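Following: one structure in C-alpha cells, then a few remarks.
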Amino acid sequence: MSDTLPLLLRAARGESVERPPVWMMRQAGRYMKVYRDLRDRHPSFRERSENPDLSYEISMQPFKAFQPDGVILFSDILTPLPGMGIEFDIVESKGPQIGDPIRNLSQVEALRPLQPEESMPFVGEVLGRLRSSVGNQAAVLGFVGAPWTLAAYVVEGKSSKNYAVIKKMAFQEPELLHKLLDHFATSIATYLRYQIDSGAQVVQMFDSWAGQLSPADYDTFAAPYQKKVVDLVKQTHPDTPFILYISGSAGVLERMGRTGVDIISLDWTVDMAEGLARLPDHIGVQGNVDPGLLFGTPEAIRDRIDDCVRKARGRRHILNLGHGILPGTPEENGRAFFEAGKTVMDRIGEG
Ligand code: CP3
C-alpha cells in the first residue's frame with residue numbers, strides 16, 4: 001500500500017481508483033476542539049498561519065483525528081498579500097481586514113511582484129514537513145485565492161455583502177481593475193509554482209466570490225485571470241492536478257470548464273449528475289455535500305454521501321463538501337462524514 005501514490009493524487013490525475021478520495025474544505029478549524037484550544041493560546045490568525053510550527057501542527061490536526069485523504073496547508077488566501085505590499089489581519093467575528101484598501105492607480109503601481117521564497121518561506125517549510133509526515137497516506141494540497149476574489153478583498157477592504165466598491169471600480173475604471181487583476185494573476189502563479197516545488201501535490205484555486213458576477217462580467221473580470229494562472233502553472237508543472245472552486249457557480253459551470261483546470265469543485269446548489277452532464281468528460285468534479293448537512297444525523301450524512309457518489313460514478317470524483325465546514329459543526333459529525341466517505345463502496349457496491 002505505502003509504495004502506491006496517495007489515493008487523492010491518483011484520482012485527481014484520472015486514474016481508476018478503489019473509492020473516491022475524501023477531504024473537507026476548512027477541515028482544520030474552529031469546529032475542532034484541539035484547534036480552539038490552540039487558538040486560545042495563540043489568538044492571532046497571522047501567527048497561527050505564519051509560524052511554521054503552528055501552521056504545521058494545525059494542518060495535521062484533522063489528519064491525526066480523521067485520516068482524510070488530503071491534507072491542506074493551514075494558511076489563508078490573503079497570506080501572500082503582505083509580500084506584495086498589502087497588510088491585512090483576520091479579526092475574530094469581523095473577518096478579514098485590509099490595512100489600506102486599494103482604490104487608485106498609484107497604489108496598484110506600487111504593488112510588488114510576489115517573491116514567495118523571500119516573503120513567505122514558512123509556507124515552503126510547512127509543505128515540505130507535511131509531505132514527509134503523511135507520506136503516501138494522504139496527498140498534500142496547496143491553495144491560492146484567484147485574482148478576482150483577492151481583488152474583492154483588497155478593494156472592498158473587508159468581507160462584503162454586495163461588492164459595491166469593486167463593482168464601481170469594474171464599471172467606472174475597468175483599466176485600473178484589470179491592472180490589479182493582472183498583477184495578482186502573475187504573482188499567484190509564482191506562488192503556486194513555489195507551493196508545488198515545496199511539496200504540494202494537488203492545488204486548488206478559490207474564486208469564492210466569482211459567483212457574484214454576471215456571466216458576461218465573469219468572462220471579463222474572473223475567467224481570463226483564472227486562465228492566466230492556470231496557463232502559467234501548467235507551463236512549468238503540467239502534471240499537478242488543478243482544482244477550481246467558486247461559491248454559487250451554477251450559472252458559470254460551462255465557463256469554468258473552459259479555463260484549463262482539471263477538476264471543478266461544485267457547491268451543493270448543483271445536483272451532482274446535472275453538474276457532470278454540463279461538463280466535458282475530461283473534467284473531474286469535487287464536492288458537493290451541503291456543509292449544513294453536518295448539523296444533521298450521521299444517517300442523513302451517510303445517505304447524502306451515497307447519493308453524491310452514485311451520481312458521480314464513472315467520472316473523476318473527489319468527495320468533499322460544497323463549501324467549507326461551518327463553525328459550530330459537531331466534531332462527531334465531521335468524523336461521520338469522513339468515515340461514511342471511506343466506506344461508501346461497501347454500501348453502494350461496485351456496480
Ligand atoms: O481548508 C483548510 O482547512 C485550509 C485553511 C483555509 C483557511 N482559509 C483558514 C481560515 C483556507 C483554504 C482558507 C481560504 C479562504 N480564506 C477563502 C476561500 C475559501 C472559502 O471559504 O470560500 C476565503 C474567502 C478566505 C478569507 C477568509 N479567511 C474568511 C472569509 C475568513 C472567515 C472569517 C471568520 O471569522 O469567519 C477567514 C479566516 C479563516 N481562514 C479561518 C480559517 C480556519 C477562521 C478564523 C479562525 O480560525 O480564527
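All values reported here derive from a predicted model rather than from experimental measurement. In this chain, residues are counted from 1 in sequence order. Counting convention: from 1, in listed order, for ligands and their atoms alike.
Salt bridge status for K234 with D262: present, with a side-chain N to carboxylate O gap under 4.0 Å. Salt-bridge check for R10 with E18: passed, with a basic side-chain N closer than 4.0 Å to an acidic carboxylate O.
Other residues, nucleotides and ligands contribute only 12 or fewer heavy atoms inside 6.0 Å of the CD atom of Q137.
Listed by first and then second residue, the side-chain hydrogen bond (donor to acceptor under 3.5 Å, both in side chains) pairs that reach into residues 112-125 are E125-R129, sequence neighbours excluded. Applying the ring pair (Phe, Tyr, Trp, His ring centres under 6.0 Å) test to pairs two or more places apart or on separate chains, those with a residue in residues 106-143 are F143-F206.
Near ligand 1, residues M25, R26, Q27, A28, R30, Y35, R39, F45, R48, I72, L73, F74, S75, D76, I77, I90, G95, P96, F143, Y153, F206, S208, W209, H323 come within 4.0 angstrom through at least one heavy atom.
Applying the ring pair (Phe, Tyr, Trp, His ring centres under 6.0 Å) criterion to H323, with sequence neighbours excluded, gives Y245.
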